[in-house]
J.: 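Right, I'll just put the structure down here and ask away after.
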Amino acid sequence: MKRLFLSFILALGCMLSYAQQPQHQHSGHRANFEKFLEDRVRFVTHIMELNPADSVKFVPLYKEMLKEKGELMFKRPRQRIRKNQQYPDSVYLKAAESEVEFKVEDAKIELKYLYKFESFLTPKQVYSWILAEKMFIGSFMQKEREHRQAPKK
């Protein structure tokens with residue numbers, strides 16, 4: 001009886017310990033992702049040189065677009081193709097089609113929001129949004145390369 005009671009207490013303790021851990025394996029990355037989004041919004045709006053009135057309209061829509069694009073990214077099926085492994089041609093074709101279909105869906109989202117932005121931004125501001133997006137991705141990739149090349153401590 002004592003063993004049963006001790007087993008029950010031990011199991012209860014393990015369950016409580018497990019319940020206190022983050023539920024999602026990527027929950028530690030959530031804060032980094034939120035910072036990434038805020039940095040992106042700040043960078044893009046700075047490059048666009050928006051006045052406060054336009055910024056108030058643009059930022060919520062822009063965040064909505066980023067959320068929609070993020071959901072697309074996380075729900076897409078990905079083919080895991082390892083560099084040093086051979087696969088049948090059908091696997092490579094399916095992976096290539098999946099990548100192109102993702103790009104098309106991503107572009108459709110951007111086009112949808114471009115039309116929304118056109119309703120209150122000038123054509124020059126809309127174009128500067130596209131340029132700012134490219135600039136942000138370029139600067140982000142540069143930082144990632146520098147981070148990976150930095151000596152490990």
Side-chain angles (χ1 to χ4, degrees), residues 10-85 87 91-153:
L10 183 61
L12 183 62
C14 288
M15 287 191 312
L16 288 174
S17 173
Y18 178 75
Q20 291 175 352
Q21 294 177 357
Q23 294 299 313
H24 193 270
Q25 71 180 17
H26 300 292
S27 61
H29 299 286
R30 186 73 182 160
N32 288 339
F33 185 69
E34 293 296 329
K35 183 183 180 318
F36 167 80
L37 290 180
E38 289 304 316
D39 289 348
R40 187 171 183 166
V41 169
R42 196 175 314 107
F43 182 92
V44 169
T45 55
H46 173 74
I47 296 297
M48 291 176 68
E49 300 176 351
L50 296 178
N51 64 42
D54 289 338
S55 187
V56 166
K57 294 176 187 175
F58 176 79
V59 170
L61 266 179
Y62 183 64
K63 286 182 176 181
E64 184 181 302
M65 180 195 75
L66 292 176
K67 181 181 177 189
E68 200 170 319
K69 289 175 73 159
E71 289 170 359
L72 174 68
M73 184 184 309
F74 287 117
K75 76 177 183 180
R76 77 176 173 150
R78 297 193 70 153
Q79 287 285 349
R80 299 286 181 207
I81 295 182
R82 294 195 172 109
K83 192 176 185 177
N84 299 329
Q85 198 169 344
Y87 298 92
V91 172
Y92 291 117
L93 287 174
K94 185 174 180 180
E97 287 173 5
S98 176
E99 288 298 315
V100 171
E101 287 170 359
F102 168 75
K103 289 179 186 178
V104 168
E105 291 303 313
D106 189 64
K108 284 180 182 177
I109 292 170
E110 283 190 9
L111 190 60
K112 177 175 91 172
Y113 282 89
L114 178 137
Y115 295 138
K116 290 180 180 186
F117 297 151
E118 281 180 344
S119 69
F120 61 89
L121 296 176
T122 66
K124 184 178 179 180
Q125 288 173 320
V126 172
Y127 183 70
S128 67
W129 160 63
I130 299 296
L131 293 180
E133 286 286 314
K134 288 180 183 180
M135 290 171 64
F136 178 81
I137 298 301
S139 70
F140 176 76
M141 295 306 291
Q142 180 64 33
K143 287 177 188 173
E144 283 297 306
R145 279 192 291 275
E146 290 170 0
H147 177 72
R148 288 185 180 146
Q149 292 174 350
K152 304 277 189 219
K153 292 182 181 180

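Quick caveat: nothing in here was measured; it's all calculated off a predicted structure. As a basis for the values below, the full set of heavy atoms in this structure was taken, side chains included, without hydrogen atoms, waters or symmetry mates.
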J.: Looking at every non-hydrogen atom in both residues, tell me the closest pair between Tyr113 and Glu68 and how far apart they are.
T.: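 It is OH-OE1, 2.9 Å.
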
J.: For the pair Lys94 and Glu97, find out whether any cationic side-chain nitrogen is under 4.0 Å from an anionic carboxylate oxygen.
T.: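 No, Lys94 and Glu97 are not salt-bridged.
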
J.: Considering only heavy atoms from C-beta outward, does the side chain of Val91 approach that of Arg80 to under 4.5 Å?
T.: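 Result no, sub-4.5 Å side-chain heavy-atom pair not found.
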
J.: Between Glu64 and Lys116 (salt bridge meaning N to carboxylate O under 4.0 Å), is one present in this structure?
T.: yes

J.: Any side-chain heavy-atom pair from Met48 and Phe58 closer than 4.5 angstrom?
T.: yes

J.: Can you tell whether the side chains of Lys103 and Asp106 come within less than 4.0 Å, N to carboxylate O?
T.: no

J.: To the nearest 0.5 angstrom, please state how far the CD1 atom of Ile130 sits from the CD1 atom of Ile47.
T.: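 Interatomic distance, Ile130 CD1 to Ile47 CD1, rounded to 0.5 Å: 14.0 Å.
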
J.: Taking the side chain as C-beta and beyond, is there a heavy-atom pair between Arg40 and Phe140 under 4.5 Å?
T.: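 Arg40 does not reach Phe140 side chain to side chain.
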
J.: Does any part of the side chain of Lys63, heavy atoms only, come nearer than 4.5 Å to the side chain of Leu37, both counted from C-beta?
T.: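 No, every pair of side-chain atoms sits at 4.5 Å or beyond.
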
J.: Quick one: OG1 on Thr45 to CG on Asp54, what's the gap to the nearest 0.5 Å?
T.: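 So the gap between those two atoms works out to 11.5 Å.
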
J.: Which pair of heavy atoms, one from Ala132 and one from Phe43, lies closest together, and at what distance?
T.: O-CE2, 3.6 Å

J.: Rounded at 0.5 Å granularity, tell me how far CD in Glu105 sits from NZ in Lys75.
T.: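 So the CD of Glu105 and the NZ of Lys75 are separated by 8.0 Å.
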
J.: State the CG-CD distance between Leu50 and Gln125, to the nearest 0.5 angstrom.
T.: 5.5 Å

J.: Check the orientation of Phe117 and Phe120. Use parallel for under 30°, tilted for 30 to 60°, and perpendicular for over 60°.
T.: perpendicular

J.: Any Lys/Arg nitrogen of Glu110 or Lys69 sitting under 4.0 Å from an Asp/Glu carboxylate oxygen of the other?
T.: yes

J.: So for atom NZ, which belongs to Lys67, do other residues, nucleotides or ligands contribute more than 12 heavy atoms lying within a distance under 6.0 Å?
T.: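 Atom NZ in Lys67 is not packed in, count stays at 12 or less.
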
J.: Would you say the side chain of Gln142 lies within less than 4.5 Å of the side chain of Arg145, judging by non-hydrogen atoms?
T.: yes

J.: Relative to each other, are the rings of Trp129 and Tyr62 parallel, tilted or perpendicular (30° and 60° limits)?
T.: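 Trp129 vs Tyr62 ring planes: perpendicular.
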
J.: Does atom CD of Glu49 have more than 12 heavy-atom neighbours, drawn from other residues, nucleotides or ligands, at distances under 6.0 Å?
T.: no

J.: Measure from NZ or CZ of Lys124 to the centre of the six-membered ring of Tyr127 and say whether it is under 6.0 Å with the direction within 45° of the ring axis.
T.: no

J.: To the nearest 0.5 Å, what is the distance between CZ (Phe36) and CG (Asn32)?
T.: 11.0 Å

J.: Specify the closest pair of heavy atoms between Ser55 and Pro60, including all atoms of both residues, with the distance to one decimal.
T.: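 Taking every non-hydrogen atom into account, O-CD, 4.2 Å.
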
J.: What pair of heavy atoms forms the shortest contact from Phe102 to Met73, and how long is it?
T.: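 For Phe102 versus Met73, the nearest heavy atoms are CE1-CA, 3.8 Å.
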
J.: Could you give the distance from CG (Leu93) to OG (Ser98), rounded to the nearest 0.5 Å?
T.: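 These two atoms lie 12.5 Å from each other.
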
